[in-house]
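It should be emphasised that the depicted structure is a prediction, and the values quoted were computed from it without experimental measurement. Residue numbering restarts at 1 for every chain, and letters A, B, ... go by the order of the sequence lines.
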Number of protein chains: 2
Amino acid sequence: MEGAVTGEDTSVNLGWDVKEKTDFGTPVAAKILDGRAAAREIKEDLTERVRVLKEEHGITPGLGTVLVGDDPASHSYVGGKHKDCKQVGINSIRRDLPGDISQADLEKVIDELNEDPATTGYIVQLPLPAHIDANAILERIAPDKDADGLHPVNLGRLVLNVSEPMTSPLPCTPHGIVQLLVRNGISLNGKKVLVVGRGVTVGRPLGLLLTRRPINATVTLAHTGTADLFEHLQAADVVVAAAGFPEMIRAEELKPGAIVLDVGVTRVTDPDTGKTTLTGDVDPAAADVAGWISPNPGGVGPMTRAMLLANVVEAAERQVGILV
Amino acid sequence: MEGAVTGEDTSVNLGWDVKEKTDFGTPVAAKILDGRAAAREIKEDLTERVRVLKEEHGITPGLGTVLVGDDPASHSYVGGKHKDCKQVGINSIRRDLPGDISQADLEKVIDELNEDPATTGYIVQLPLPAHIDANAILERIAPDKDADGLHPVNLGRLVLNVSEPMTSPLPCTPHGIVQLLVRNGISLNGKKVLVVGRGVTVGRPLGLLLTRRPINATVTLAHTGTADLFEHLQAADVVVAAAGFPEMIRAEELKPGAIVLDVGVTRVTDPDTGKTTLTGDVDPAAADVAGWISPNPGGVGPMTRAMLLANVVEAAERQVGILV
């Protein structure tokens with residue numbers, strides 16, 4: 001097992017760049033939270049909004065990516081993001097930089113993107129090389145160009161409830177989870193939500209979003225230090241598994257009818273064959289117990305990618321004053 | 001009933017400026033989380049650290065307060081803060097401003113304090129008059145001078161786990177709660193903590209602090225939208241009542257032996273006599289059921305005040321490079 005991508009690391013990359021899996025196995029009881037379908041709807045909506053921005057406001061949103069070094073997975077993630085941009089008419093700005101770039105030179109690139117009017121929003125692909133002070137780089141991103149919604153100012157506004165109406169970007173995966181539920185007609189009002197995993201991209205910000213008055217869920221954040229996860233799982237109306245431990249949530253631990261969102265993705269290597277597969281945090285048999293379940297892949301992953309595009313489009317809309 | 005000061009408003013003021021209550025009623029089973037005693041210890045420690053800053057580094061920490069208008073409660077809170085400063089040797093900088101000050105003039109004061117080397121940290125007393133954009137003012141405070149620990153950048157760093165080691169201030173009440181427990185030898189490792197109330201000064205940031213690895217609690221955030229508070233209370237090892245509803249947490253709802261922190265303070269007016277009293281969120285009879293309980297007043301309140309001083313001293317220590 002390698003790279004529990006939604007675990008405790010600070011990677012903003014959830015490893016969604018996976019091949020489509022067409023065989024979901026035996027028939028299941030749970031209804032499917034189809035992230036690909038919801039993401040498609042969102043992208044259609046964004047395509048129209050990009051058209052309006054271009055035709056009525058003379059602005060084409062642009063997503064910038066900053067990629068340092070030649071990690072193949074990072075290259076693949078960045079490539080996927082630009083492919084997504086193309087689908088909705090967002091321009092791509094790529095800054096692919098050598099792995100030995102200095103802190104000062106990388107900061108210069110950040111400053112350039114902050115100034116560049118063609119770059120509506122951008123991301124810095126993580127991980128950065130060890131010699132780079134990653135936090136200093138991430139904090140240097142102009143908050144209004146923070147496409148990941150993970151700049152401290154934007155997360156702080158989320159704590160303070162001042163990011164409503166949409167004055168600043170929301171973190172992509174938490175926002176994608178909300179959208180996936182909303183688009184399936186599911187309200188979290190008064191529901192008990194158990195979030196498993198205290199990573200900075202999902203677990204820690206998610207409760208801040210779900211406990212707001214318009215969503216109004218009661219949220220528990222569990223993690224490796226939780227003494228009695230089973231008891232929490234038994235009580236939960238909704239389980240968000242974002243721990244990065246393959247199939248850690250077992251079907252028999254869930255309350256029947258629970259809504260289950262499988263966020264974690266871990267690359268598991270078969271010791272005999274050396275073949276790697278991407279595995280979620282939820283035992284596939286959970287589909288026989290849950291009321292709703294997000295497939296993995298095909299659930300939260302496409303939503304995260306769609307919300308990145310939404311952040312770029314919304315930044316452009318804010319710029320021209322049409323986002324309220 | 002008026003002014004649920006720890007409720008949903010954005011006031012950073014928890015209304016601790018209260019008269020000492022010497023009669024705690026009938027003898028109780030619970031051990032007392034004595035905030036006055038713990039705050040005294042912290043202030044002794046801070047007094048020594050201020051001495052070192054003065055004598056060895058030639059710097060005297062200074063707390064600035066920005067007070068707009070003539071609300072008597074606000075005046076009283078600000079006065080209390082400066083009294084606290086005097087106790088530990090911190091300089092006071094007061095900017096008392098007319099209630100009709102313009103946004104631009106108030107911003108000018110903020111910019112001056114950001115530049116002023118004598119002001120190590122400062123606070124803007126809330127509420128601000130309605131014609132002022134309070135968020136714009138609060139975000140204008142230099143994050144390293146944010147004595148309340150409520151600037152979005154500092155809260156965002158709390159979400160991202162990048163405020164350890166102490167690179168940025170923590171919000172005063174959450175930090176005070178942790179200190180009150182630690183100084184009574186109580187560990188939250190693996191404990192189930194129920195936070196009641198989703199206000200921005202206590203409830204929303206508290207879980208971010210308690211779920212960090214060094215503290216390692218499992219935290220549930222409950223609020224007015226929670227469907228079954230009783231069930232949550234029955235399960236909780238620790239209850240933090242920060243809702244601003246007088247005596248809403250009843251003794252019979254608690255798990256015997258629970259650790260209870262009473263944060264809320266509400267001004268309750270007797271309709272017959274017109275006399276007002278400050279009332280906590282916890283039924284005093286809870287002391288017969290709880291294992292530990294924080295009195296109110298005299299529990300979390302003095303800790304909040306002490307942590308404000310700690311933020312100012314730590315800002316000075318960071319400035320001279322002696323905080324690690």
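In terms of the side-chain hydrogen bond (donor to acceptor under 3.5 Å, both in side chains) criterion, A:Asp133 has no residue partners (sequence neighbours excluded). Residues passing the side-chain hydrogen bond (donor to acceptor under 3.5 Å, both in side chains) test with A:Thr120: none are found, sequence neighbours excluded.
For A:Lys192, the part sitting under 4.5 Å from any heavy atom of chain B is the side chain, from C-beta outward, and nothing else. At a 4.5 Å heavy-atom cutoff, the contact between A:Val219 and chain B is made by backbone atoms alone.
In this structure the side chain of A:Thr173 reaches within 4.5 angstrom of the side chain of A:Val300, judged on heavy atoms.
At least one donor-acceptor pair closer than 3.5 Å links the side chain of A:Lys191 to the backbone N or O of A:Ser187. No donor-acceptor pair closer than 3.5 Å links the side chain of B:Asn154 to the backbone N or O of B:Ser168. Judged by distance alone, the side chain of A:Arg204 and the main-chain N or O of B:Leu158 form a donor-acceptor pair under 3.5 Å. Not a single donor-acceptor pair under 3.5 Å links the side chain of A:His223 to the backbone N or O of A:Gly197. No donor-acceptor distance shorter than 3.5 angstrom exists from the side chain of B:Asn216 to the backbone of B:Asn189, with no hydrogens or angles considered. Without hydrogens or angle criteria, B:Asp281 side chain to B:Asp262 main chain gives no donor-acceptor distance under 3.5 Å.
None of B:Asn114, B:Asp148, B:Asp146 except one satisfies the side-chain hydrogen bond (donor to acceptor under 3.5 Å, both in side chains) rule with B:Tyr122; the exception is B:Asn114.
By a heavy-atom distance cut of under 4.5 Å, not one residue of residues 252-259 of chain A is near chain B. Interface with chain B: from residues 230-239 of chain A, residues A:Glu231, A:His232 qualify, criterion being any non-hydrogen pair under 4.5 Å.
For the 3.5 Å distance criterion, the side chains of B:Arg198 and B:Thr224 qualify, holding a donor opposite an acceptor.
Contact count versus chain B (heavy atoms, under 4.5 Å) is highest, among A:Gly190, A:Gly203, A:Pro152, A:Ala217, for A:Pro152. Interface summary for chain A: among B:Ala222, B:Ala227, B:Gly225, the most heavy-atom pairs under 4.5 angstrom belong to B:Gly225.
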